[in-house]
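Take a look at the structure set out below.
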Amino acid sequence: MSVVRSRLATRAIAAPAALVAVGLVLTACGSRAGDDGATTASGAASCVDTSGDTIKVGSLNSLSGTMAISEVTVRDSIALAVEEINADGGVLGKQIQIVSEDGASEPTVFAEKAEKLIGSDCVAAVFGGWTSSSRKAMLPVFEDRNALLYYPVQYEGLESSSNIFYTGATTNQQIVPALEYLKEQGVKSLYLVGSDYVFPQTANRIIKAYAEANGIEIKGEDYTPLGSTDFSTIVNKVRTADADAVFNTLNGDSNVAFFREYTNAGLNAKDMPVVSVSIAEEEVGGIGAQNIEGQLTAWNYYQTVDSPENKSFVEAYKAKYGANKPTSDPMEAAYTSVYLWKNTVEKAESFAVEDVIAAADGVSFEAPEGTVTIDGDNHHITKTARIGEIRGDGLIYTVWESDGAIDPDPYLESYDWAAGLSGN
């Protein structure tokens, strides 16, 4: 018997499995080398020019393809942060110049554009990426070129690199809190639906390990390629499985088709709630609030977060892009990443990669989501976990949040049930 939505009482995860077959793409378990748990950069020479009045940075997002529904707004928030910083005097007295590129929702294109930004455009840092496939395609480029990527999206964890700063949530800041919330509400069975690539497959390995240790039955597990629009078979399987809840790791515009089919099949948040980790406010608009009202999300930020910093952020974003444009977790994490880079550069008094890395530990920013701080050992940041409910106005409201910011644990080393998941 399904747990009804009313049992999910009020209190306080990123991307499919068929990887593009290119040598640049790493394994789904992530990379970690050396005793410090971080991949070592190669020390390649930099062509960054610091002699003038400007400093270049790269913005690399999917402006076309299936992920554009999510990533265009991330590009916009990066531009907003740069505009604000420039208006306030820039970084070390230099104005920031953005070089924008389109990853076109293809990991190989992300790798090619990253190479261009680093090697030809000579940017001091790159902000962007969404799917784990895109990040893993870019990772060796940044390591080989000894350059910096600021990656703004929640992901599956099990990775760290000296050349990447992860400003979205890792697993213990999103997926694990979501599972603990569901367990507290009496959920004893789950159905897993995801896109077919790194993030959903690795996330579901973690979910299944948690479920086994906590007496939760997995009643089914299905994947579909990014961009898929036919969910009739999967939704029928979900309906007949009669799980207490669905854990959704679909990405991009596949969520539109999934939730419309979910609604057409007579399923709803009251009888079989769906917890999504890649649906934010802008995706709700594409899906239609009527098709997703009452469903749950697990993120670290919502437009409705009540803080002075968020009020200023929302007002600035809407003033620049339109009063009907919502803010969301990935765009807030991208916005935050630009400020974290600025604050780290200013602490280091240098744009050099080695100096920025050396100065990163403990660098903070009063972000719209709350205070975030860089962990210099694993290059992730502290995050407050929030479970949200999607309502009829298209916005997401917090129904549970963690007691303060959670320290990042990308390899889940503090959880006995996760032993062996990292493959290290």
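All of these numbers come straight from a predicted model, not from anything done at the bench.
Side chains of Val198 and Thr131 form no contact here, defined as non-hydrogen atoms less than 4.5 Å apart. Looking only at side-chain heavy atoms (C-beta outward), Pro200 and Tyr223 come within less than 4.5 Å of each other. Between Ile85 and Val91 the shortest side-chain heavy-atom distance falls below 4.5 Å.
Checking Ser132 against Arg135 by side-chain atom types alone, a donor-acceptor pair falls below 3.5 Å. In this model, no donor atom of one side chain and acceptor atom of the other lie less than 3.5 Å apart for Thr202 and Glu156. Checking Asp407 against Thr382 by side-chain atom types alone, no donor-acceptor pair falls below 3.5 Å. Between the side chains of Thr304 and Asp306, not a single donor N or O lies within less than 3.5 Å of an accepting N or O. In the model, Asn300 has no side-chain atom that pairs as donor or acceptor with a side-chain atom of Thr384 under 3.5 Å. For the residue pair Ser328 / Glu332, no side-chain donor-acceptor distance below 3.5 Å is found, with atom types taken as modelled. For the residue pair Asn378 and Ser160, no side-chain donor N or O sits within less than 3.5 Å of a side-chain acceptor on the partner. Side-chain contact of Tyr302 with Thr297: a donor-acceptor pair under 3.5 Å is present, judged by distance alone. In this model, a donor atom of one side chain and an acceptor atom of the other lie less than 3.5 Å apart for Tyr335 and Glu84. If you check the side chains of Glu261 and Ser232, you find no donor sitting under 3.5 Å from an acceptor.
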Under the side-chain hydrogen bond (donor to acceptor under 3.5 Å, both in side chains) criterion, do Thr327 and Tyr301 qualify, and how do the steps go?
-> CA-CA 9 Å; Thr327 58; Tyr301 167 86; 2.8 Å; yes
For Asn255 and Asn248, run side-chain hydrogen bond (donor to acceptor under 3.5 Å, both in side chains): C-alpha distance rounded to whole Å, both residues' side-chain angles, the deciding distance at 0.1 Å, then the answer.
-> CA-CA 9 Å; Asn255 278 299; Asn248 169 33; 3.0 Å; yes
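Between Trp417 and Tyr415, a ring centre-to-centre spacing shorter than 6.0 Å is recorded. Ring to ring, His380 and Tyr151 are not that close: their centroids are 6.0 angstrom or more apart. Aromatic ring centres of Tyr191 and Phe247: separated by at least 6.0 Å.
Across all their heavy atoms, Gly157 and Thr170 have their closest contact at CA-OG1, 3.4 Å. In terms of heavy-atom proximity, Gln303 sits nearest to Asn310 at O-ND2, 2.9 Å.
No more than 12 heavy-atom neighbours from other residues, nucleotides or ligands sit within 6.0 angstrom of CG on Asp416.
No salt bridge links Glu282 with Lys325; every basic N to acidic carboxylate O contact stays at or beyond 4.0 Å. Contact check on Glu112 versus Lys116 returns no salt bridge, with no Lys/Arg side-chain nitrogen under 4.0 Å from an Asp/Glu carboxylate oxygen. Salt bridge annotation for Lys320-Glu83: present, with a cationic side-chain nitrogen under 4.0 angstrom from a carboxylate oxygen. Ionic pairing of Arg391 and Glu293 is not present here: no N-O contact between side-chain nitrogen and carboxylate oxygen is shorter than 4.0 angstrom. In summary, Lys208 and Glu221 engage in a salt bridge, as defined by a charged side-chain N under 4.0 Å from a carboxylate O. Between Lys56 and Asp121 there is no salt bridge, since no side-chain N of the basic residue sits under 4.0 Å from a carboxylate O of the acidic one.
Looking at Ser254, its side chain never comes within 3.5 Å of a backbone N or O of Leu250 through a donor-acceptor pair.
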